[in-house]
Amino acid sequence: MVLLQVLQMPCPGCVSHAVPQAERVHREYAELGVSVIGLHTVFEHHAVMMPVALEAFLRKYRVTHPVGVDVAVAGTPIPAAMRRYGMQGTPTLIFIDRAGKLRLHEFERMDDLRLGMMLGQLLTESSNPDGL
């Protein structure tokens, strides 16, 4: 299963909660088959959101899970994945289960307990696909 954590560097909720939360999930659940992927999506402050700034950000916050960069779309400030998934902003959390089904699309901060419950449910489903 994939946990996609969508972030933007100047987003206070990303810095204080979402990025550390994604890193904890990566460190705790990777062995259970949870892949955490960050997606840096730039929809404002484009001039300062260069790859070198993202590299420094990831180093500063000790991010070890992979982080991709959303693709800019000519003529609009909204990048491709943000547009395709109808994201309202950052942080956004997306769960995709092992069958490729979108199971969660949550804008803003997600509580750690709620995230843990969701992870537990999805891990149980994936280890017991027949519901037995």
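Put simply, the side chain of Q5 never gets that close to the backbone of P20: no donor and acceptor are under 3.5 Å apart.
A salt bridge (Lys or Arg N to Asp or Glu O under 4.0 Å) check over residues 23-37, counting only residues at least two apart or in different chains, returns the pairs E23-R27, R24-D112. Residue pairs meeting the ring-ring contact (aromatic ring centres under 6.0 Å, His included) criterion with at least one member in residues 53-88, sequence neighbours excluded, are H26-H65, F57-Y61. Counting only residues at least two apart or on different chains, no salt bridge (Lys or Arg N to Asp or Glu O under 4.0 Å) pair has a member in residues 53-80.
From L3, atom CG reaches atom CG of L104 across 8.5 Å, with rounding to the nearest 0.5 Å. Rounding to the nearest 0.5 Å gives a distance of 7.5 Å between CD of Q8 and SG of C14. The structure places CE of M9 at 11.0 Å from OG1 of T90, a figure rounded to the nearest 0.5 Å. The structure places CG of L4 at 9.0 Å from NE2 of H105, a figure rounded to the nearest 0.5 Å. Rounding to the nearest 0.5 angstrom, the gap separating the NE2 atom in H17 from the CD atom in E108 is 11.5 Å.
Side-chain contact between L7 and L39 is absent, with no heavy atoms from C-beta onward closer than 4.5 Å. At least one side-chain heavy atom of V2 sits less than 4.5 Å from a side-chain heavy atom of I37. Side chains of M82 and V6 form no contact here, defined as non-hydrogen atoms less than 4.5 Å apart.
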Query - Audit row: I78, M87, side chain to side chain contact (heavy atoms under 4.5 Å, CB included) steps and yes/no - result: CA-CA 10 Å; I78 308 301; M87 295 178 208; over 6 Å; no
Report task. Show the numbers, then the answer: is there a side chain to side chain contact (heavy atoms under 4.5 Å, CB included) between Y29 and V36? Result -> CA-CA 9 Å; Y29 291 93; V36 175; over 6 Å; no
Donor-acceptor contacts, no H, no angles, side chain residues 92-103, under 3.5 Å, sequence neighbours left out:
unit_1	atom_1	unit_2	atom_2	d
T92	OG1	G89	O	2.6
D97	OD1	A99	N	3.0
D97	OD1	G100	N	3.1
D97	OD1	K101	N	2.9
D97	OD2	R103	NH1	3.1
R98	NE	S126	OG	3.1
R98	NH2	L32	O	3.2
R103	NH1	E125	OE1	2.8
R103	NH2	E125	OE1	3.0
R103	NH2	E125	OE2	3.2

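Qualifying side chain to side chain donor-acceptor pair (under 3.5 Å) partners for E106, counting only residues two or more places apart in sequence or in other chains: R114. In this structure, the side chain to side chain contact (heavy atoms under 4.5 Å, CB included) partners of V71, at least two apart in sequence or on a different chain, are A80. Partners of A72 according to the side chain to side chain contact (heavy atoms under 4.5 Å, CB included) rule, which considers only residues two or more places apart in sequence or in another chain, do not exist here.
Closest approach of L113 and D111 over heavy atoms only: N-OD2, 2.9 Å.
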